[in-house]
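Counting starts at 1 for both ligands and their atoms, in listed order.
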Amino acid sequence: MNLNLSEKAISISPSSTLAIDAKFKSMKAKGIDVVGFGAGEPDFDTPQHIKEAAIKAINEGFTKYTPAAGMPGLKEAVCRKLKKDNNLAYSPEQIVISNGAKHSLVNVFTAICNPGDEVIIPAPFWVSYPEMVKLADGVPVLLPTNEKNQFKFTIDDLKKVVTSKTKALVLNSPSNPTGMIYTEDELKEIAEFAVQNNIYVVSDEIYEHLIYDGLKHVSIASFGEAIKDLTIIVNGVSKTYAMTGWRIGYTASNAKIAKVMGNVQSHATSNPNSIAQVAAIAALDGPQDEIEEMKKAFVERRNYMVDRINSIEGLSCSKPQGAFYVMMNINSTFGKEYYGKTINNSDEFADLLLEKANVALVPGSGFGAEGYVRWSYATSMQNIVEGLNRIEKFLNNEL
Ligand code: PMP
Ligand code: GLU
């Protein structure tokens with residue numbers, strides 16, 4: 001018998017964000033004084049009214065299977081949200097509720113990719129996109145951007161990578177890991193390009209409410225019926241409502257794609273957790289004022305982090321406009337010796353920083369951004385100050 005494992009599965013690398021987070025948590029459990037900036041997970045608690053809706057659902061026995069693609073009440077709440085926040089009209093059969101936006105994205109690529117189909121992924125990218133595309137037998141085509149251009153691609157850049165095999169473009173605004181946001185005009189141009197070339201746009205809008213400096217999120221699907229039909233919006237409650245552990249994400253797409261995704265999900269996982277679905281209705285329909293509170297804290301942390309990084313010799317970063325990440329440029333440390341070791345890349349920087357300073361950052365390599373490490377500022381100001389103090393000492397060889 002041949003007991004070889006699946007070559008496709010073997011080719012999938014582990015999520016570097018979750019790997020760093022696991023390392024951080026295990027160091028902490030051992031009593032090590034470590035500060036973690038790994039996984040992007042809000043440090044706030046889930047708002048009380050959301051928890052209460054879940055407790056009520058348990059007490060009322062809402063503990064059985066729901067329809068595989070989500071309960072009608074939550075699909076309707078998602079439609080109301082899309083109308084209210086994005087001025088988009090969708091009907092419930094166009095919505096699929098999944099086990100987090102990560103699962104929604106896996107469903108999307110599974111639904112749209114045939115073997116060899118190319119999916120354009122602008123880099124820096126969130127770690128999971130290329131691996132998800134590979135899992136779906138698609139081919140990730142990376143589109144590099146640079147810090148000088150705010151990590152944004154242009155239509156000319158797109159023209160260079162689009163081929164007859166291009167099936168989709170991944171758009172993530174605000175972006176994880178760069179925090180950049182495409183303007184309404186830029187999005188309009190991207191929409192025109194997608195319509196002209198007949199390619200899907202997988203629009204990951206999970207950070208839509210975490211936008212600062214008075215800027216506003218616009219969904220690319222809102223520029224007319226043609227682009228709406230080609231767009232698959234991915235969103236969820238993890239970031240906006242501090243609900244990472246509840247695992248509820250959703251998509252809005254044309255009904256044909258939604259049906260295919262629902263069918264796949266009906267065999268893969270059945271419905272997402274029934275109680276978490278009720279909690280998600282409370283999140284979407286309930287008071288939204290706690291988002292503003294969280295945003296205020298994020299802005300304060302971002303401002304401190306950006307100013308402090310740029311004041312440290314050898315480090316720099318651009319000011320992100322959304323999400324809760326900062327990409328720190330560490331190129332000037334490469335080739336230099338710290339604690340008897342020469343740093344040659346972001347993995348070596350992150351490893352040595354964790355070993356010597358007990359500070360956990362995610363290396364840029366996992367985001368297609370060598371030369372950078374990612375901070376998440378979804379953690380307390382106290383941790384941020386401590387992390388930056390330690391990194392300053394680390395770079396001065398003072399530890
Ligand atoms: N997209 C992006 C860009 C993310 O950063 C995350 C974070 N986990 C997700 C999707 C998935 O979120 P979740 O599965 O928690 O809904
Ligand atoms: N999306 C968050 C991050 O990038 C959480 C971890 C993950 O799912 O990758 O850190």
- Which option out of I206, N172, V234 puts a heavy atom nearest to atom 12 (O) of ligand 1? I206
- Mark up the atoms of ligand 1 that fall under 4.0 Å of a heavy atom belonging to G100, in ascending order. 14 (O), 16 (O)
- Query: How does N176 reach ligand 2, if at all, at less than 4.0 Å between non-hydrogen atoms: by side chain, backbone, both, or neither?
  - Reply: side chain
- Task: Could you pull out, from R247, K239, H103, K102, the option with a heavy atom nearest to atom 8 (N) of ligand 1?
- Result: K239
- Item | Atom pair CG/CD1 of L171 and I190 - distance to nearest 0.5 Å | 5.5 Å
- Passing option when Y325 is tested against F37, Y207, W375, Y377 for ring-ring contact (aromatic ring centres under 6.0 Å, His included): Y207
- Nearest non-hydrogen protein atom to atom 8 (O) of ligand 2, with distance, is K102 NZ, 3.0 Å
- Note on the structure: Per-atom filter on ligand 2: closer than 4.0 angstrom to a heavy atom of L18 are 6 (C), 7 (C)
- Query: Could a heavy atom of S128 be found less than 4.0 Å from some atom of ligand 2?
  - Reply: no
- Euclidean distance, D117 CG relative to T163 OG1, rounded to 0.5 Å: 9.5 Å
- Could you tell me whether T244 approaches ligand 1 through its side chain, its backbone, both or neither, with non-hydrogen atoms closer than 4.0 Å? neither
- Message: Using a 4.0 Å cutoff against the non-hydrogen atoms of N176, which atoms of ligand 1 qualify?
- Response: 3 (C), 4 (C), 5 (O)
- Message: One residue to check: Y325. Relative to ligand 2, which of side chain, backbone, both or neither has a non-hydrogen atom less than 4.0 Å away?
- Response: side chain
- Give the residue and atom name of whichever protein heavy atom lies nearest to atom 16 (O) of ligand 1, and the separation in Å to one decimal. A101 N, 2.7 Å
- Item | Shortest reach to atom 5 (C) of ligand 2 by a heavy atom, considering only S238, G40, S376 | G40
- Query: What is the ring orientation for Y212 with F298, classed by angle as parallel under 30°, tilted 30 to 60°, or perpendicular over 60°?
  - Reply: tilted
- Nearest non-hydrogen partners of I32 and N358, listed with the distance: CG2-ND2, 3.6 Å
- Item | Note, Y90 side chain near K228 side chain (heavy atom, < 4.5 Å) | yes
- Item | Minimum-distance protein heavy atom relative to atom 9 (O) of ligand 2 | T17 OG1, 2.7 Å
- Query: Do K8 and D137 pass the salt bridge (Lys or Arg N to Asp or Glu O under 4.0 Å) test, and can you show the C-alpha distance, the side-chain angles, and the key distance before you say yes or no?
  - Reply: CA-CA 8 Å; K8 181 170 81 180; D137 292 325; 3.4 Å; yes
- Atoms of ligand 2 less than 4.0 Å from A39 heavy atoms? 10 (O)
- Note on the structure: Between D285 and the options K81, R80, K84, the salt bridge (Lys or Arg N to Asp or Glu O under 4.0 Å) test singles out R80
- Considering heavy atoms of the protein only, find what lies nearest to atom 9 (C) of ligand 1 and give residue, atom and distance to 0.1 Å. W126 CH2, 3.4 Å
- Are a donor atom and an acceptor atom from the side chains of E93 and S91 found within less than 3.5 Å of each other? yes
- So, is the end of the K152 side chain (NZ or CZ) under 6.0 Å from the ring centre of Y182 and within 45° of the ring's axis? yes
- Sub-3.5 Å N/O-N/O distance, Y129 and ligand 1: no
- Within a strict 4.5 Å, meaning less than it, do heavy atoms of the K239 and L210 side chains meet? yes
- Task: Identify the protein heavy atom lying closest to atom 1 (N) of ligand 1, giving its residue, its atom name and the separation to 0.1 Å.
- Result: D204 OD2, 2.6 Å
- Message: Contact between ligand 2 and E41 is defined here as a heavy atom of the residue under 4.0 Å from a ligand atom; is it met?
- Response: no
- Item | Contact partition for S238 relative to ligand 1, non-hydrogen atoms under 4.0 Å | side chain
- Message: If only side-chain N and O atoms count, and only distance matters, is there a donor-acceptor pair under 3.5 Å linking E205 with S219?
- Response: yes
- Note: ligand 2 atoms sitting under 4.0 Å from heavy atoms of K239 are 1 (N), 2 (C), 5 (C)
